[in-house]
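Reading through the structure tokens given below for one structure.
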Amino acid sequence: MKFHVMTLFPEMIENAMQESITGRAIKAGHIELSAVNIRDFAENKHNRVDDYPYGGGAGMVMQAGPVYRCYKNIEESIKDGKNPRVIYLTPQGKTFNQSMAKEYAKEENLVFLCGHYEGIDERVLEMIVTDYVSIGDYVLTGGELPALVMMDTISRLVPGVLNNDISAETESFSDNLLEYPQYTRPEHWMDKSVPPVLLSGNHKKLAEWYREQSVIRTALRRPDLLEKAELTDKERELVKSLLAEE
Ligand code: 6GU
């Protein structure tokens with residue numbers, strides 16, 4: 001998986017991606033990152049890439065030319081002959097979720113276009129963008145943090161990035177249930193003890209407890225997710241009694 005990021009702040013992308021699990025994945029060669037500065041494709045003395053909006057109004061608009069030349073440069077670097085998906089980060093896009101991440105993780109190349117100022121000239125968006133994606137209903141100053149959010153989410157689905165292959169599958173959202181609570185040593189802390197079933201070594205009881213805790217937690221914190229979860233009749237009864245208590 002190679003991520004290509006078109007941005008005015010390449011260091012913001014590189015610095016964040018070099019930390020923690022994504023940093024290790026880059027060093028190990030599981031993912032590749034190229035942050036390309038759109039400003040390098042300005043063709044004027046002061047390297048300006050924005051101008052006033054036609055029609056007037058507040059703020060500046062990123063010009064089509066530098067963005068287009070930046071994209072062409074990336075396209076030429078991709079040697080597989082396929083047109084990559086080009087994701088424009090915008091609050092006007094489809095809200096990113098885990099199932100979109102799973103789809104993106106199948107791609108060999110992904111291009112992210114990060115806007116700033118009041119936006120980007122519509123004509124270049126029409127030319128190159130395949131997907132308009134938002135990360136939620138709030139407004140950020142630019143597309144860099146959303147691109148980082150998406151790359152982080154997608155990276156951990158790429159084979160080899162996480163230590164154990166099962167961990168990406170068994171956690172929150174994979175079956176529309178939240179993950180069960182976790183505990184580590186010491187067994188007793190303040191006035192709180194680890195649930196005894198976790199010390200029992202009984203695998204069947206453990207699996208039942210994990211499942212029940214996931215259902216309880218999802219009912220209390222994210223009842224909206226349960227519409228898509230597959231629950232047994234007994235689990236549905238449990239949910240009903242929990243939601244009645246509230
Ligand atoms: Cl993708 N961009 C910006 N600027 N703000 C956002 C967003 C994206 N997603 C949520 N808010």
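Remember, it's a predicted structure, so these values are computed and weren't measured experimentally. Note that ligands are numbered from 1 as they come in the structure, with each ligand's atoms numbered from 1 the same way.
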Expected output: side-chain [X] to main-chain [Y] donor-acceptor under 3.5 Å:
X    : Y   : result
R69  : F41 : yes
T7   : F9  : yes
T130 : R85 : no

Could you list the residues that satisfy salt bridge (charged side-chain N to carboxylate O under 4.0 Å, His left out) with [X], not counting sequence neighbours?
X   : result
K2  : E32
E75 : K72
E11 : none

Check ligand 1 against the protein and report each N/O to N/O distance under 3.5 Å, formatted as atom name, atom name, distance.
from     : atom 1 : to   : atom 2 : distance (Å)
ligand 1 : 4 (N)  : L140 : O      : 3.2
ligand 1 : 5 (N)  : L140 : N      : 3.1
ligand 1 : 9 (N)  : S134 : OG     : 3.3
ligand 1 : 9 (N)  : I135 : N      : 3.0
ligand 1 : 11 (N) : Y138 : O      : 2.5

